[in-house]
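Before any comments, here is the structure.
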Amino acid sequence: MSGDGGSTSWALRLHGVCEWIWFTALINLLWIAFTLAGLIVLGAAPATVTAAALTRRRLRGDRVRVVREFSRGWLNEFRAANIVVGPAMVLTVLLLWGAAHQISGGAPAPAATATVVGFVFAFLLTAVLAPLYVNYDLPRGRYLLVASRWLLTNLIHGVLLMIAAVAIIVASFFLPGLIPVFSVGAWLVLSTTLCLGFFTANDRRVADRTATSTSAARVSAAPAPVPSRTSPLTTASRITTEGTSR
């Protein structure tokens, strides 16, 4: 009986892995399709946000009709995503082009290094912005500021995101067939999963710190303290990922 239970457990795990692989491949295909539908410049940001939203829902255990909900989410988030995430994506592409041009053109090392560093920061900022947007309700103008502050105060998380990106790039280099069918989706799903994990851990730290401060205040009969602002993520999580007013 125990052997049958072990076999069933492994079968369920394998089924779960296969479902994630299929989900990632679908996200990859839909991201490319809807990015092209928006003429790339206007399509990439809502496609990225929608991919993050569906990944978040999948991680929460919700049933996701990927194709239908991706198209609906892309339309719903078209304007807001281009306002929140679009500028960071454009900046990332411009810095990548500038870094490649400077390196190939033999630009002075300090200038090339500064451009590369700027590109890395903009790339990581874009990776953080989409999960931040689908997980928290903030004024649209604050997402860029909060994401930048979070990156600067959580450097180890930025390093982990960069390691994940490099791993996907290396795998795609050795297996170029992955690029049109899996690589972009793998980055979107993995970066969203990592960021949501980082945010959850951050929220717990903030909650624990607030609870400790409140308990100490009650003991001393002092007024309740204002929650710490050292962490940028102190707002409530979004209840839904589609059609929520911001």
Side-chain angles (χ1 to χ4, degrees), residues 28 31-32 35 38-49 51-52 81-136 138 140-176 178-180 182-199 201-202 229-233:
N28 187 96
W31 187 90
I32 293 173
T35 296
L39 302 178
I40 300 178
V41 176
L42 295 177
T48 301
V49 164
N82 276 303
I83 292 173
V84 174
V85 182
M89 297 188 80
V90 171
L91 178 62
T92 301
V93 173
L94 291 176
L95 286 171
L96 175 61
W97 179 84
H101 179 72
Q102 288 181 343
I103 293 173
S104 63
T113 301
T115 306
V116 170
V117 171
F119 160 71
V120 171
F121 183 82
F123 175 78
L124 294 176
L125 183 65
T126 303
V128 171
L129 268 174
L132 184 75
Y133 173 75
V134 303
N135 203 54
Y136 296 97
L138 297 171
R140 290 177 183 172
R142 282 187 53 80
Y143 282 103
L144 186 62
L145 175 63
V146 171
S148 300
R149 187 173 65 179
W150 185 86
L151 267 180
L152 292 173
T153 55
N154 294 274
L155 294 178
I156 186 62
H157 293 164
V159 171
L160 291 175
L161 281 170
M162 200 64 211
I163 291 173
V166 170
I168 292 173
I169 291 170
V170 170
S172 301
F173 177 79
F174 286 103
L175 298 171
L178 291 176
I179 296 175
F182 201 75
S183 296
V184 176
W187 168 244
L188 293 171
V189 171
L190 182 56
S191 62
T192 299
T193 301
L194 288 172
C195 285
L196 292 178
F198 299 153
F199 298 160
N202 183 86
R229 293 183 180 273
T230 57
S231 168
L233 308 181

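The closest side-chain heavy-atom distance from Phe198 to Leu160 is below 4.5 Å. By the 4.5 Å heavy-atom criterion applied to side chains, Asn28 and Val189 are not counted as neighbours. Looking at heavy atoms from C-beta onward, Val116 lies in side-chain contact with Ile103 at the 4.5 angstrom threshold. A 4.5 Å side-chain heavy-atom check between Ser148 and Leu125 finds at least one atom pair inside the cut-off. Contact check for Val184 versus Thr35: no side-chain heavy atoms found under the 4.5 Å cut-off.
Annotation for Ala44 and Met89: closest pair CB-CE, 3.8 Å, computed over non-hydrogen atoms. The minimum heavy-atom distance linking Pro180 with Ile32 is given by the pair O-CD1, 3.7 Å. Heavy atoms only, all atoms of each residue included: Leu129 and Ala147 are closest at CD2-CB, 3.8 Å. Closest approach of Asn82 and Pro87 over heavy atoms only: O-CD, 3.2 Å. Across Thr48 and Ala130, no two heavy atoms sit closer than the pair CG2-CB, 3.9 Å. The two residues Ala81 and Val49 make their nearest non-hydrogen contact at CB-CG2, 3.7 Å.
Ring pair His101/Trp97 is parallel by interplanar angle, where below 30° counts as parallel and above 60° as perpendicular. Between Tyr136 and Phe199, the ring planes lie perpendicular to each other; the angle is over 60°, past the 30° to 60° tilted range.
Going from atom CD1 of Ile168 over to atom OG of Ser183 covers 7.5 Å, rounded to the nearest 0.5 Å. Separating the CG atom in Leu95 from the CD atom in Gln102 is a distance of 9.5 Å, to the nearest 0.5 Å. Here CD1 of Ile163 is found 10.0 Å from CG of Leu194. Values are rounded to the nearest 0.5 Å. Here the OG1-CG distance, from Thr153 to Leu155, works out to 7.5 Å after rounding to the nearest 0.5 Å. The structure places CZ of Phe119 at 11.5 Å from CG of Leu94, a figure rounded to the nearest 0.5 Å. Taken from CZ in Phe123 to CG in Leu96, the straight-line distance is 10.0 Å, to the nearest 0.5 Å.
A donor-acceptor pair under 3.5 Å is absent between the side-chain atoms of Thr192 and the main chain of Pro131, judged by distance alone. Using a distance-only test at 3.5 Å, with no hydrogens or angles considered, a donor-acceptor pair links the side chain of Tyr143 to the main chain of Leu138. Under the 3.5 Å distance criterion, the side-chain polar atoms of Asn154 are matched with a main-chain donor or acceptor of Trp150.
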Test side chain to side chain contact (heavy atoms under 4.5 Å, CB included) applied to Ile169 and Trp187, step by step: CA-CA 9 Å; Ile169 291 170; Trp187 168 244; over 6 Å; no
